[in-house]
J.: 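Following this message is one structure expressed as C-alpha coordinates.
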Amino acid sequence: MMFPPNTSEVEITTFQLIGIPGLEHMHVWISIPICFMYIMAILGNCTILSVIRTDTSLHEPMYAFLSMLALSDLGLSFSSVPTMLRIFLFNAMGISADACIAKEFFIHGFTDMESSVLLVISFDCFVVICHPLRYSSILTNYRVLQIGLALVIKSILLVLPLPFILKRLRYCNMCLLSYSYCLHQDIMKLTCSDNKVYFYYGLFVALCVMSDSVFIAVSYVFILKTVLGIASQGERLKAFNICVSHIFAVLIFYVPIITLATMHRFAKHKSPLAMILIADAFLLVPPLMNPIVYCVQTWQIRVKVLEKLDLKSK
(Lines give C-alpha, C1' and ligand atoms only; values in the text may rest on other atoms or scores of the structure.)
Protein backbone atom coordinates (compact mmCIF):
# COMPACT_ATOMS: atom_id res chain seq x y z
CA MET A 1 0.00 0.00 0.00
CA MET A 2 1.55 3.29 -1.15
CA PHE A 3 0.50 6.75 -0.03
CA PRO A 4 1.10 10.07 -1.78
CA PRO A 5 4.25 11.91 -0.65
CA ASN A 6 2.30 14.98 0.39
CA THR A 7 0.15 13.05 2.88
CA SER A 8 0.73 14.57 6.28
CA GLU A 9 2.29 12.27 8.87
CA VAL A 10 1.89 12.72 12.58
CA GLU A 11 2.89 10.80 15.68
CA ILE A 12 -0.36 9.38 16.97
CA THR A 13 -0.41 8.71 20.70
CA THR A 14 -4.12 7.89 20.97
CA PHE A 15 -6.48 5.83 18.81
CA GLN A 16 -10.24 6.26 18.83
CA LEU A 17 -12.39 3.13 18.99
CA ILE A 18 -16.09 3.09 18.16
CA GLY A 19 -19.15 1.50 19.71
CA ILE A 20 -22.16 0.98 17.45
CA PRO A 21 -22.66 4.00 15.16
CA GLY A 22 -26.19 5.37 15.25
CA LEU A 23 -26.95 3.67 18.56
CA GLU A 24 -24.81 5.83 20.83
CA HIS A 25 -27.86 6.67 22.95
CA MET A 26 -28.32 2.92 23.58
CA HIS A 27 -24.73 2.18 24.57
CA VAL A 28 -25.47 1.84 28.29
CA TRP A 29 -28.27 -0.65 27.59
CA ILE A 30 -26.11 -2.56 25.10
CA SER A 31 -23.42 -2.87 27.77
CA ILE A 32 -25.78 -4.98 29.93
CA PRO A 33 -25.85 -8.09 27.68
CA ILE A 34 -22.14 -7.64 26.92
CA CYS A 35 -21.34 -7.57 30.65
CA PHE A 36 -23.58 -10.59 31.25
CA MET A 37 -21.89 -12.56 28.46
CA TYR A 38 -18.46 -11.59 29.79
CA ILE A 39 -19.24 -12.72 33.35
CA MET A 40 -20.84 -15.96 32.16
CA ALA A 41 -17.87 -16.68 29.89
CA ILE A 42 -15.46 -16.26 32.81
CA LEU A 43 -17.58 -18.39 35.15
CA GLY A 44 -18.13 -21.10 32.53
CA ASN A 45 -14.50 -21.45 31.49
CA CYS A 46 -13.22 -21.27 35.07
CA THR A 47 -15.71 -24.00 36.03
CA ILE A 48 -14.44 -26.20 33.19
CA LEU A 49 -10.84 -25.65 34.30
CA SER A 50 -11.67 -26.31 37.96
CA VAL A 51 -13.60 -29.52 37.24
CA ILE A 52 -10.84 -30.92 35.01
CA ARG A 53 -8.06 -29.96 37.43
CA THR A 54 -9.67 -31.42 40.56
CA ASP A 55 -11.08 -34.65 39.09
CA THR A 56 -8.38 -37.22 38.31
CA SER A 57 -10.75 -39.24 36.11
CA LEU A 58 -10.67 -36.33 33.64
CA HIS A 59 -6.88 -36.24 33.39
CA GLU A 60 -6.96 -37.48 29.81
CA PRO A 61 -5.77 -35.92 26.52
CA MET A 62 -9.25 -34.82 25.42
CA TYR A 63 -9.81 -32.88 28.64
CA ALA A 64 -6.30 -31.44 28.56
CA PHE A 65 -7.11 -30.00 25.12
CA LEU A 66 -10.45 -28.75 26.46
CA SER A 67 -8.53 -26.95 29.23
CA MET A 68 -6.36 -25.29 26.58
CA LEU A 69 -9.52 -24.16 24.78
CA ALA A 70 -10.92 -22.70 28.01
CA LEU A 71 -7.64 -20.82 28.66
CA SER A 72 -7.71 -19.44 25.11
CA ASP A 73 -11.30 -18.26 25.61
CA LEU A 74 -10.40 -16.55 28.88
CA GLY A 75 -7.40 -14.84 27.28
CA LEU A 76 -9.52 -13.66 24.36
CA SER A 77 -12.16 -12.26 26.73
CA PHE A 78 -9.70 -10.54 29.09
CA SER A 79 -7.81 -8.88 26.22
CA SER A 80 -10.86 -7.42 24.46
CA VAL A 81 -14.13 -7.24 26.39
CA PRO A 82 -13.03 -4.76 29.14
CA THR A 83 -12.16 -2.27 26.39
CA MET A 84 -15.56 -2.79 24.80
CA LEU A 85 -17.32 -2.27 28.15
CA ARG A 86 -15.35 0.94 28.73
CA ILE A 87 -16.73 2.28 25.45
CA PHE A 88 -20.35 1.27 26.04
CA LEU A 89 -20.51 2.16 29.75
CA PHE A 90 -18.42 5.32 29.95
CA ASN A 91 -18.22 6.47 26.32
CA ALA A 92 -14.42 6.26 26.69
CA MET A 93 -13.42 5.87 23.04
CA GLY A 94 -9.77 6.84 23.39
CA ILE A 95 -7.00 4.33 23.97
CA SER A 96 -3.28 4.99 23.98
CA ALA A 97 -1.35 3.73 20.97
CA ASP A 98 0.87 1.50 23.12
CA ALA A 99 -2.11 -0.04 24.93
CA CYS A 100 -3.92 -0.60 21.63
CA ILE A 101 -0.90 -2.31 20.08
CA ALA A 102 -0.47 -4.49 23.19
CA LYS A 103 -4.14 -5.53 23.11
CA GLU A 104 -3.84 -6.26 19.40
CA PHE A 105 -0.96 -8.63 20.18
CA PHE A 106 -2.96 -10.56 22.79
CA ILE A 107 -6.17 -10.67 20.70
CA HIS A 108 -4.38 -12.10 17.67
CA GLY A 109 -2.24 -14.39 19.84
CA PHE A 110 -5.19 -15.96 21.65
CA THR A 111 -7.17 -16.14 18.37
CA ASP A 112 -4.37 -18.15 16.79
CA MET A 113 -4.06 -20.30 19.90
CA GLU A 114 -7.79 -21.09 19.94
CA SER A 115 -7.69 -21.95 16.25
CA SER A 116 -4.72 -24.27 16.84
CA VAL A 117 -6.42 -25.93 19.83
CA LEU A 118 -9.53 -26.62 17.72
CA LEU A 119 -7.25 -28.25 15.14
CA VAL A 120 -5.61 -30.42 17.83
CA ILE A 121 -9.04 -31.45 19.18
CA SER A 122 -10.03 -32.51 15.66
CA PHE A 123 -6.88 -34.68 15.59
CA ASP A 124 -7.92 -36.14 18.96
CA CYS A 125 -11.35 -37.02 17.50
CA PHE A 126 -9.64 -38.51 14.45
CA VAL A 127 -7.43 -40.80 16.58
CA VAL A 128 -10.34 -41.83 18.85
CA ILE A 129 -12.55 -42.86 15.91
CA CYS A 130 -10.05 -44.00 13.27
CA HIS A 131 -7.34 -45.55 15.49
CA PRO A 132 -8.98 -46.31 18.86
CA LEU A 133 -6.58 -49.13 19.78
CA ARG A 134 -3.57 -46.86 19.30
CA TYR A 135 -5.05 -43.85 21.10
CA SER A 136 -3.18 -44.27 24.40
CA SER A 137 0.13 -44.86 22.61
CA ILE A 138 -0.26 -41.90 20.22
CA LEU A 139 -1.50 -39.31 22.73
CA THR A 140 0.61 -39.95 25.82
CA ASN A 141 0.72 -37.40 28.65
CA TYR A 142 4.22 -36.33 27.60
CA ARG A 143 3.10 -35.83 23.99
CA VAL A 144 0.08 -33.80 25.12
CA LEU A 145 2.42 -31.57 27.15
CA GLN A 146 4.65 -31.16 24.09
CA ILE A 147 1.66 -30.23 21.95
CA GLY A 148 0.50 -27.65 24.51
CA LEU A 149 3.94 -26.00 24.70
CA ALA A 150 4.23 -26.06 20.90
CA LEU A 151 0.88 -24.28 20.51
CA VAL A 152 1.86 -21.55 22.97
CA ILE A 153 5.27 -20.99 21.38
CA LYS A 154 3.82 -21.02 17.86
CA SER A 155 1.12 -18.48 18.74
CA ILE A 156 3.62 -16.14 20.43
CA LEU A 157 6.21 -16.32 17.65
CA LEU A 158 3.62 -15.92 14.91
CA VAL A 159 2.14 -12.67 16.25
CA LEU A 160 5.25 -11.31 18.00
CA PRO A 161 6.37 -9.25 14.95
CA LEU A 162 2.98 -7.49 14.71
CA PRO A 163 3.43 -4.93 17.54
CA PHE A 164 6.98 -4.16 16.39
CA ILE A 165 5.67 -3.59 12.86
CA LEU A 166 3.04 -1.14 14.09
CA LYS A 167 5.56 0.72 16.24
CA ARG A 168 7.85 1.25 13.23
CA LEU A 169 5.19 2.80 11.01
CA ARG A 170 4.14 6.43 10.72
CA TYR A 171 0.47 7.34 10.73
CA CYS A 172 -1.69 9.89 8.96
CA ASN A 173 -3.51 12.65 10.79
CA MET A 174 -6.46 10.36 11.54
CA CYS A 175 -6.82 7.88 14.36
CA LEU A 176 -10.38 6.46 14.13
CA LEU A 177 -10.51 2.68 14.14
CA SER A 178 -13.40 0.62 12.78
CA TYR A 179 -14.28 -1.61 15.74
CA SER A 180 -14.65 -1.68 19.53
CA TYR A 181 -11.24 -3.26 19.98
CA CYS A 182 -7.80 -3.15 18.35
CA LEU A 183 -7.02 -5.27 15.30
CA HIS A 184 -3.76 -5.31 13.36
CA GLN A 185 -5.31 -4.84 9.92
CA ASP A 186 -7.51 -2.03 11.24
CA ILE A 187 -4.52 -0.09 12.62
CA MET A 188 -2.54 -0.76 9.42
CA LYS A 189 -5.17 1.12 7.41
CA LEU A 190 -4.20 4.36 9.18
CA THR A 191 -0.53 4.25 8.23
CA CYS A 192 1.07 6.66 5.77
CA SER A 193 4.26 4.58 5.47
CA ASP A 194 5.03 2.13 2.72
CA ASN A 195 3.66 -0.97 4.43
CA LYS A 196 3.45 -3.48 1.58
CA VAL A 197 5.83 -6.00 3.19
CA TYR A 198 4.17 -5.57 6.61
CA PHE A 199 0.74 -5.90 5.00
CA TYR A 200 1.70 -9.26 3.52
CA TYR A 201 2.98 -10.49 6.87
CA GLY A 202 -0.37 -9.61 8.48
CA LEU A 203 -2.05 -11.49 5.62
CA PHE A 204 0.25 -14.46 6.30
CA VAL A 205 -0.83 -14.52 9.97
CA ALA A 206 -4.50 -14.46 8.93
CA LEU A 207 -3.92 -17.29 6.44
CA CYS A 208 -2.23 -19.37 9.15
CA VAL A 209 -5.37 -19.10 11.26
CA MET A 210 -7.62 -19.92 8.29
CA SER A 211 -5.43 -22.87 7.26
CA ASP A 212 -6.33 -24.56 10.54
CA SER A 213 -9.95 -24.72 9.35
CA VAL A 214 -8.81 -26.48 6.17
CA PHE A 215 -6.94 -29.15 8.15
CA ILE A 216 -9.95 -29.52 10.46
CA ALA A 217 -12.15 -30.13 7.40
CA VAL A 218 -9.68 -32.72 6.07
CA SER A 219 -9.67 -34.55 9.41
CA TYR A 220 -13.45 -34.73 9.34
CA VAL A 221 -13.38 -36.17 5.83
CA PHE A 222 -11.39 -39.12 7.21
CA ILE A 223 -13.61 -39.30 10.30
CA LEU A 224 -16.76 -39.36 8.16
CA LYS A 225 -15.27 -42.05 5.94
CA THR A 226 -14.55 -44.20 9.00
CA VAL A 227 -17.98 -43.59 10.56
CA LEU A 228 -19.81 -44.51 7.36
CA GLY A 229 -17.84 -47.75 7.27
CA ILE A 230 -19.20 -48.81 10.68
CA ALA A 231 -21.94 -51.40 10.25
CA SER A 232 -23.78 -50.83 13.54
CA GLN A 233 -26.12 -47.83 13.70
CA GLY A 234 -25.53 -47.53 17.44
CA GLU A 235 -21.74 -47.42 16.96
CA ARG A 236 -22.16 -44.75 14.29
CA LEU A 237 -24.17 -42.58 16.66
CA LYS A 238 -21.62 -43.12 19.42
CA ALA A 239 -18.77 -42.11 17.10
CA PHE A 240 -20.70 -39.06 15.88
CA ASN A 241 -21.48 -38.00 19.46
CA ILE A 242 -17.74 -37.83 20.20
CA CYS A 243 -17.37 -35.06 17.60
CA VAL A 244 -20.60 -33.08 18.12
CA SER A 245 -19.20 -30.68 20.72
CA HIS A 246 -16.12 -29.99 18.63
CA ILE A 247 -18.18 -29.38 15.48
CA PHE A 248 -20.24 -26.77 17.34
CA ALA A 249 -17.08 -25.12 18.72
CA VAL A 250 -15.55 -24.96 15.23
CA LEU A 251 -18.69 -23.41 13.74
CA ILE A 252 -19.01 -20.88 16.58
CA PHE A 253 -15.38 -19.80 16.09
CA TYR A 254 -14.96 -19.85 12.31
CA VAL A 255 -18.37 -18.70 11.02
CA PRO A 256 -17.92 -15.06 12.21
CA ILE A 257 -14.32 -14.98 10.87
CA ILE A 258 -15.26 -16.36 7.45
CA THR A 259 -18.38 -14.16 7.24
CA LEU A 260 -16.38 -11.03 8.08
CA ALA A 261 -13.61 -11.91 5.60
CA THR A 262 -16.19 -12.63 2.87
CA MET A 263 -17.97 -9.33 3.46
CA HIS A 264 -14.66 -7.44 3.36
CA ARG A 265 -13.67 -9.10 0.09
CA PHE A 266 -16.87 -9.50 -1.90
CA ALA A 267 -19.66 -7.28 -0.48
CA LYS A 268 -20.12 -4.21 -2.69
CA HIS A 269 -22.43 -2.39 -0.29
CA LYS A 270 -21.46 -3.83 3.08
CA SER A 271 -23.21 -2.49 6.16
CA PRO A 272 -20.80 -1.00 8.75
CA LEU A 273 -23.31 -1.94 11.46
CA ALA A 274 -23.36 -5.59 10.34
CA MET A 275 -19.56 -5.67 10.21
CA ILE A 276 -19.27 -4.31 13.75
CA LEU A 277 -21.89 -6.70 15.15
CA ILE A 278 -20.20 -9.73 13.56
CA ALA A 279 -16.76 -8.57 14.77
CA ASP A 280 -18.09 -8.11 18.32
CA ALA A 281 -19.85 -11.50 18.20
CA PHE A 282 -16.54 -13.15 17.28
CA LEU A 283 -15.06 -12.14 20.66
CA LEU A 284 -18.20 -12.53 22.76
CA VAL A 285 -19.89 -15.71 21.54
CA PRO A 286 -17.16 -18.44 21.49
CA PRO A 287 -15.97 -17.87 25.11
CA LEU A 288 -19.61 -17.90 26.24
CA MET A 289 -20.84 -20.85 24.20
CA ASN A 290 -17.91 -23.29 24.33
CA PRO A 291 -18.37 -24.17 28.05
CA ILE A 292 -22.13 -24.54 27.51
CA VAL A 293 -21.69 -26.78 24.47
CA TYR A 294 -19.15 -29.03 26.17
CA CYS A 295 -21.22 -29.25 29.36
CA VAL A 296 -24.34 -30.21 27.41
CA GLN A 297 -22.71 -32.63 24.97
CA THR A 298 -19.98 -34.20 27.14
CA TRP A 299 -21.68 -36.21 29.88
CA GLN A 300 -18.48 -36.59 31.94
CA ILE A 301 -18.15 -32.81 32.22
CA ARG A 302 -21.88 -32.34 32.78
CA VAL A 303 -22.01 -34.88 35.60
CA LYS A 304 -18.99 -33.41 37.39
CA VAL A 305 -20.32 -29.85 37.09
CA LEU A 306 -23.73 -30.91 38.45
CA GLU A 307 -22.02 -32.74 41.31
CA LYS A 308 -20.07 -29.60 42.22
CA LEU A 309 -23.20 -27.44 42.07
CA ASP A 310 -25.10 -29.94 44.21
CA LEU A 311 -22.35 -29.96 46.83
CA LYS A 312 -22.31 -26.18 46.94
CA SER A 313 -26.09 -26.01 47.31
CA LYS A 314 -25.86 -28.24 50.36
Side-chain angles (χ1 to χ4, degrees), residues 41-42 44-80 101-131 134-165 184 201-202 204-219 242-243 245-246 249-250 252-254 257 283 286-287 290-291 294 298 300-301:
I42 293 173
N45 285 289
C46 286
T47 300
I48 293 285
L49 289 171
S50 175
V51 167
I52 293 174
R53 186 182 66 84
T54 56
D55 197 307
T56 55
S57 66
L58 300 181
H59 292 180
E60 297 178 6
M62 184 182 82
Y63 301 108
F65 297 140
L66 182 54
S67 296
M68 296 179 200
L69 185 65
L71 288 171
S72 301
D73 282 333
L74 286 173
L76 205 54
S77 294
F78 288 142
S79 57
S80 58
I101 291 172
K103 286 180 178 293
E104 166 261 351
F105 168 77
F106 285 109
I107 289 172
H108 288 284
F110 282 113
T111 297
D112 178 76
M113 186 173 175
E114 178 146 349
S115 177
S116 300
V117 171
L118 290 173
L119 174 59
V120 171
I121 295 176
S122 73
F123 175 71
D124 178 83
C125 293
F126 167 77
V127 177
V128 167
I129 294 173
C130 301
H131 303 284
R134 298 176 56 198
Y135 182 82
S136 58
S137 62
I138 293 175
L139 289 173
T140 61
N141 289 335
Y142 180 67
R143 194 160 290 166
V144 170
L145 179 61
Q146 286 180 315
I147 291 172
L149 289 175
L151 293 186
V152 173
I153 293 170
K154 175 240 182 185
S155 298
I156 292 174
L157 292 181
L158 185 65
V159 302
L160 189 59
L162 297 183
F164 295 102
I165 287 171
H184 177 77
Y201 184 77
F204 169 73
V205 173
L207 288 176
C208 285
V209 175
M210 295 305 296
S211 66
D212 290 339
S213 65
V214 176
F215 290 117
I216 290 171
V218 171
S219 70
I242 293 173
C243 302
S245 302
H246 180 249
V250 168
I252 290 167
F253 181 78
Y254 281 107
I257 295 179
L283 292 181
N290 283 340
Y294 275 97
T298 309
Q300 294 95 331
I301 296 286

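Excluded from the calculations below are hydrogen atoms, water molecules and symmetry mates; all remaining heavy atoms, backbone and side chain alike, are included.
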J.: List the steps, then state whether side chain to side chain contact (heavy atoms under 4.5 Å, CB included) holds for Y254 with S115.
T.: CA-CA 9 Å; Y254 281 107; S115 177; 2.5 Å; yes
J.: Minimum heavy-atom separation for M113 to V152, with atom names?
T.: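 It is CE-CG2, 3.8 Å.
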J.: Taking the side chain as everything from C-beta on, heavy atoms only, tell me whether L158 gets closer than 4.5 Å to C208.
T.: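 Contact flag for L158/C208 side chains = yes.
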J.: How long is the gap from CD1 on I48 to CZ on R53, to the nearest 0.5 Å?
T.: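 So the gap between those two atoms works out to 14.0 Å.
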J.: Which heavy atom of P287 sits nearest to which heavy atom of S77, and what is that distance?
T.: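 Result for this residue pair: CB-OG, 3.3 Å.
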J.: Which value, rounded to the nearest 0.5 Å, describes the distance between I301 atom CD1 and D55 atom CG?
T.: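 Output value for this atom pair is 8.5 Å.
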J.: Drop me the distance from I129's CD1 to S219's OG, to the nearest 0.5 angstrom.
T.: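 It comes to 9.5 Å.
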J.: Return each pair, listed once, that meets side chain to side chain donor-acceptor pair (under 3.5 Å) where at least one residue sits in residues 104-114; pairs must be two or more places apart or across chains.
T.: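 For residues 104-114: E104-H184, D112-K154, D112-S155, E114-N290.
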J.: Do you know the tightest heavy-atom contact between Y135 and D124?
T.: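 Looking at all heavy atoms of both residues, the shortest contact is OH-OD1, 2.5 Å.
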J.: Please confirm whether the backbone N or O of S50 pairs with a side-chain atom of T54, one donor and one acceptor, at under 3.5 Å?
T.: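 At least one qualifying donor-acceptor pair exists.
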J.: Nearest 0.5 Å please: distance from the CZ atom of F65 over to the CG atom of L139.
T.: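 Going from the CZ atom of F65 to the CG atom of L139 covers 5.0 Å.
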J.: Can you check side chain to side chain contact (heavy atoms under 4.5 Å, CB included) on Y63 and E60, steps first, answer last?
T.: CA-CA 6 Å; Y63 301 108; E60 297 178 6; 3.9 Å; yes
J.: Indicate yes or no: at least one non-hydrogen side-chain atom of L283 is less than 4.5 angstrom from one of L76.
T.: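 Yes, their side chains come closer than 4.5 Å.
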J.: State which residues pass side-chain hydrogen bond (donor to acceptor under 3.5 Å, both in side chains) with Y201; sequence neighbours excluded, sorted by chain then number.
T.: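 By the side-chain hydrogen bond (donor to acceptor under 3.5 Å, both in side chains) rule, Y201 matches no residue at all.
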J.: Quick one: CD1 on I165 to CD1 on I101, what's the gap to the nearest 0.5 Å?
T.: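 Answer rounded to 0.5 Å: 11.0 Å.
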J.: Please find the pair of heavy atoms, one from S137 and one from R143, that lie closest to each other, and give the distance.
T.: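 Shortest heavy-atom contact: O-NH1, 3.7 Å.
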J.: Of all heavy-atom pairs between F105 and V159, which one has the smallest distance, and what is that distance?
T.: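 Looks like CE1-CG2, 3.4 Å.
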J.: If you define the side chain from C-beta out and look only at heavy atoms, does anything of F110 sit under 4.5 Å from L71?
T.: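 Contact flag for F110/L71 side chains = no.
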J.: For Q146 and T140, what are the C-alpha separation, side-chain angles and deciding distance, and is it a side chain to side chain contact (heavy atoms under 4.5 Å, CB included)?
T.: CA-CA 10 Å; Q146 286 180 315; T140 61; over 6 Å; no
J.: Taking all non-hydrogen atoms of both residues, which atom of A41 and which atom of L74 are closest, and how far apart?
T.: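 Scanning both residues, the minimum pair turns out to be O-CD2, 4.4 Å.
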J.: Could you tell me the separation between the OG atom of S72 and the CG atom of N45, rounded to the nearest 0.5 Å?
T.: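 Answer for the OG-CG pair, S72 versus N45, is 9.5 Å.
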J.: Evaluate side chain to side chain contact (heavy atoms under 4.5 Å, CB included) for V117 paired with F253, printing each intermediate quantity in order.
T.: CA-CA 11 Å; V117 171; F253 181 78; over 6 Å; no
J.: With a 6.0 Å cut-off on the ring centroids, do Y294 and H246 count as close?
T.: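 No; H246 has its ring centre 6.0 Å or more from that of Y294.
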